[in-house]
2 protein chains.
Amino acid sequence: MSDLQQTLTRLREALGDAQVLTGDAISQRHYSDWTRHAPTCPAALLLPKDTEQVSVALRICNAAGQPVVPQGGMTGLAGGAVPRASDIALSLDRLRGIEEIDAAAATVTVRAGTTLQEIQQAVADAGYLFPLDLGARGSCQIGGNIATNAGGNAVIRYGMTRDLVLGLEVVLADGRVLNLMNKMIKNNCGYDLKQCFIGSEGTLGVITRAVLKMAPQPGESTTLLCALPDYASAVALLRRLQRNAGTPQAYELMWQDFFRMGVSWLETPVAPMPDHHPLYVLLESSATSEVLEQTLEAAIEAGEVVDAILATSQTQARSLWKIREATGEFPVRLAPLNFDISLPIGQIGDFADLCRQRLDERWPGNHNVYFGHIGDSNLHLTVDCNSLPQPAPVYEIEELVYSAVGELGGAVSAEHGIGLLKREFLHHSVSEEALEAMAGLKRSFDPKGILNPGKIFG
Amino acid sequence: MSDLQQTLTRLREALGDAQVLTGDAISQRHYSDWTRHAPTCPAALLLPKDTEQVSVALRICNAAGQPVVPQGGMTGLAGGAVPRASDIALSLDRLRGIEEIDAAAATVTVRAGTTLQEIQQAVADAGYLFPLDLGARGSCQIGGNIATNAGGNAVIRYGMTRDLVLGLEVVLADGRVLNLMNKMIKNNCGYDLKQCFIGSEGTLGVITRAVLKMAPQPGESTTLLCALPDYASAVALLRRLQRNAGTPQAYELMWQDFFRMGVSWLETPVAPMPDHHPLYVLLESSATSEVLEQTLEAAIEAGEVVDAILATSQTQARSLWKIREATGEFPVRLAPLNFDISLPIGQIGDFADLCRQRLDERWPGNHNVYFGHIGDSNLHLTVDCNSLPQPAPVYEIEELVYSAVGELGGAVSAEHGIGLLKREFLHHSVSEEALEAMAGLKRSFDPKGILNPGKIFG
């Protein structure tokens, strides 16, 4: 029997046959994530039923030096859960469900395989808000959200996933269960170990349970579209809103050509305001209309806003959002090469200019568009590969963009993580010393290197 | 020459004589912190002038296996910066000053030895708020605040120090400088290493610089004192406020005897409302008076509030705060044994009852009082040692309180850290496996164990 066969035999004995699948029994869902990067059938798929089974499975794999790839909802955008043919995939699908809602503590305790939407719904039913929100909400699992420190739509107001996690249960590579469950906001009892696992993309431990913060349900909000004369005005308007009307729930900046493209894709392609302005921001605020109008008037007077529409109905609000949601059409209408990057908020405007200039010099006539959640320093940039010589020089474009990010002190991954796809660009944002320290952390928690090998690091 | 003398010679050569003090040249300020625990003159005091000197100093000490105790403003309350006679103290006093305020990014970049008050002032001058605030603001240094993950007055609204840190520069035990400076809210470039150092009490590295978040300046706030029928009402009122009037800036719960004691210590000891209610909460809200009054009326109707005073002047607000600030008189009027603990918010009422019952059974007639920042799960409990048999059974009381904390799933340190004073009680809140993992982290960053040995762990 090969080593792998021996390991599988041990796993079957320990977990039961129904928890250890191989070959055709493994659904293709486990081959790759939403990037569709290198779809590969793993050597086996484990479907443990509880923390104890996760622990036993890892103990067996660790003893055999068998690589294990933890898997959640497979909605990642960096290849972090994609297996190699020799890896065993460990799915958290069966660790599903909400264990407790503690209304007094404003916490919800969940198993790692619970979908984000299920948590949002249960928390809403209890009269609270679980503020993490992203497009994959129906399929992504909270364990994956935590392991990748997911960002999403509400970061400007509620922070990243990290900011919503109070406690974790983690199984280490050797099967030891680390109980870091905690409901307190204040807890300074030694090192805050849970922080190590949040955003570690399954390379340091397998998250099995979590305690999450619930927020109060927000009131009604108002949608506004504003035209701005320049990038500095986008920052000034944001800070003005925060001072006078509270942090907005959304602050989505669109550069002119993104705006025009979004309008042109509408069912009725008519711009809600003139389309010659350099920048447009779509924002949601829960301030009273009186406060919002006062703030807007002051911004107009200061020259930060040159045109504005305040949605007076849900229908109008929806139609304004349609322009921003052009991104949903990218896979159909473009051959998109998407970038998820972040920069110091004051530098995002300069970065967009610099990046466009370099792309245009190198590939005249190429089509690149910009939009950003600038309140949380996040810029998304898309290059349409259809506008490039074929085959599209993907690596060259990535190197051009990520090295510009590095020059301006930005991050090559804002919210999607590193996984497989950004490993070779990580050095643009992370120093040699920091990479060494990360490797030291990896050795400390996973000395045999069985957990998700090849991810994050080369 | 002894090993120590050789090390001191090397340090003097590398840093200059003025940066290496011994004996009487060392100010007593460096002997102990605000606990006045075991004041001890260290073998030497290093006063490096910049990060490079911190790096050189640690490289020399690490090579010699010489223990080093990092020191900030010496205002800690857990003995974390207290040296032994054989330790070399490394003070960050000379790494002082604000390097940059980036208004667009809403960040402030500071050196570790800068006092909290200096940062608050500079940020206020730039039109923002640096929300970390605590009594020691004039003396404490931001490096120490970060190293201990300080809490303080504004946690309910702005979080712990951890939540305000975007980037760090850290010198590792062997002198390597880890540049983790970062201005972005979203940055998922590998492990978030800075999290390891925040709250590690100088045992994993020496923090030399930091990038901190600035918040918008808040508007005016209103002070309210409410009487409550029971603990559940205190939680219900907090959640009602958060839903309808935003998270309050302060939510200070006082049990009846704390309230009576506070009133009795006023210059004019007259209670602002009848003193027979079980609980009183002093709160600050920045909601409009209209919203606040509506919310209060609904709370009265629901039976959560049985009496209330809304301060109509600054003077009245100050006089209400005087009752809560009785804690400032503790060192003068009591022989206080203070506890800084946290519990799941729903359990704080039960804990106070349980703890009082056990204390009263064991030491009839002892005097113990309770107040808490319950919105962030933090309870402070003080036992007056003057009310106990002498010498006061300090260890027995601590064991009684901390074991009750452990039973209810709480933390033996909420915001002050572990340092020297809580090491032996840490096991009530932290599992054996987690303690082992912490020790592994320590070995990973400081294999020779030179950084602040004996702190946190035994």
Side-chain angles (χ1 to χ4, degrees), chain A residues 102 104-106 148-149 151 155 160 162-163 176-180 183-193 195-196 199-200 216-217 235 239 242-243 342-346 376-378 409-418 426 429-431 433-435 437-438 440-441 443-445 456, chain B residues 102 104-106 148-149 151 155 160 162-163 176-180 183-193 195-196 199-200 216-217 235 239 242-243 342-346 376-378 409-418 426 429-431 433-435 437-438 440-441 443-445 456:
Chain A
D102 181 338
T148 58
N149 188 28
V155 175
M160 300 287 280
R162 183 182 303 278
D163 301 300
R176 272 179 301 160
V177 179
L178 218 47
N179 180 349
L180 309 170
K183 287 185 178 180
M184 282 81 72
I185 309 286
K186 286 186 175 173
N187 182 342
N188 273 346
C189 287
Y191 308 153
D192 192 359
L193 290 173
Q195 304 294 346
C196 296
S200 69
Q217 279 180 340
V235 179
R239 300 307 176 204
Q242 289 182 311
R243 269 195 317 275
S342 67
L343 294 132
I345 292 172
D376 39 62
S377 60
N378 193 185
V412 299
S413 174
E415 56 182 1
H416 296 170
I418 300 299
L426 190 52
S429 298
V430 181
S431 72
E433 291 78 14
L435 283 170
M438 289 183 196
L441 210 58
R443 283 192 300 272
S444 166
F445 283 111
I456 303 182
Chain B
D102 181 338
T148 57
N149 188 29
V155 174
M160 301 287 280
R162 183 183 302 280
D163 301 299
R176 273 179 299 159
V177 179
L178 218 48
N179 180 347
L180 310 170
K183 287 185 178 179
M184 282 82 72
I185 309 286
K186 287 186 175 173
N187 182 342
N188 273 346
C189 287
Y191 307 154
D192 191 358
L193 290 174
Q195 303 294 346
C196 295
S200 70
Q217 279 180 341
V235 179
R239 300 305 177 206
Q242 289 182 311
R243 269 195 315 274
S342 68
L343 294 133
I345 292 172
D376 41 60
S377 60
N378 193 184
V412 299
S413 174
E415 55 182 2
H416 296 169
I418 300 299
L426 191 52
S429 297
V430 180
S431 71
E433 292 77 14
L435 283 169
M438 288 181 197
L441 210 59
R443 282 191 300 273
S444 167
F445 282 110
I456 302 183

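Convention: sequence-line order gives letters A, B, ...; per-chain numbering from 1.
For L343(A), the part lying under 4.5 angstrom from a heavy atom of chain B is the backbone only. In this structure, chain B has no heavy atom under 4.5 Å from any part of R443(A). Only the side chain of M160(A) comes within contact range of chain B, with at least one heavy atom under 4.5 Å from a heavy atom of that chain. The contact between L426(A) and chain B is made entirely by side chain atoms (from C-beta outward), counting heavy-atom distances below 4.5 Å. S429(A) touches chain B through its side chain: at least one heavy atom from C-beta onward sits under 4.5 Å away, while N, CA, C and O do not.
The minimum heavy-atom distance linking A104(A) with G346(B) is given by the pair CB-CA, 3.5 Å.
Shown here are the side-chain contact (heavy atoms from CB on, under 4.5 Å) partners of A434(B), two or more places apart in sequence or in another chain: L178(A), L180(A), L193(A), V430(B), S431(B).
Considering only heavy-atom pairs separated by less than 4.5 Å from chain A, the leading option among A105(B), C189(B), S444(B), A106(B) is C189(B). For the set I456(B), D163(B), D192(B), N179(B), the count of heavy-atom pairs under 4.5 angstrom toward chain A peaks at D192(B). When each of L441(A), V235(A), T148(A) is scored by its heavy-atom pairs under 4.5 Å with chain B, the top score falls to L441(A). Note on V412(B), N187(B), V177(B): by heavy-atom pairs under 4.5 Å with chain A, the leading option is N187(B). Counting heavy-atom pairs closer than 4.5 Å to chain A, the top-ranked of the candidates K183(B), M438(B), E433(B) is M438(B). Per-residue heavy-atom pair counts under 4.5 Å with chain B were compared for G409(A), P216(A), C196(A), and the maximum is reached by P216(A). Looking only at heavy-atom pairs under 4.5 Å with chain A, the residue among A411(B), A414(B), G190(B) that has the most is A414(B).
Interatomic distance, CD1 of I185(A) versus CD of E415(B), reported as 12.5 Å (0.5 Å rounding). The CD1 atom of I345(B) sits 8.5 Å away from the CG atom of D102(A) when rounded to the nearest 0.5 Å. Here M184(A) contributes atom CE and N378(B) contributes atom CG; the two are 10.5 Å apart, rounded to the nearest 0.5 Å.
For the pair N188(B) (side chain) and N149(A) (backbone), a donor-acceptor distance under 3.5 Å is present.
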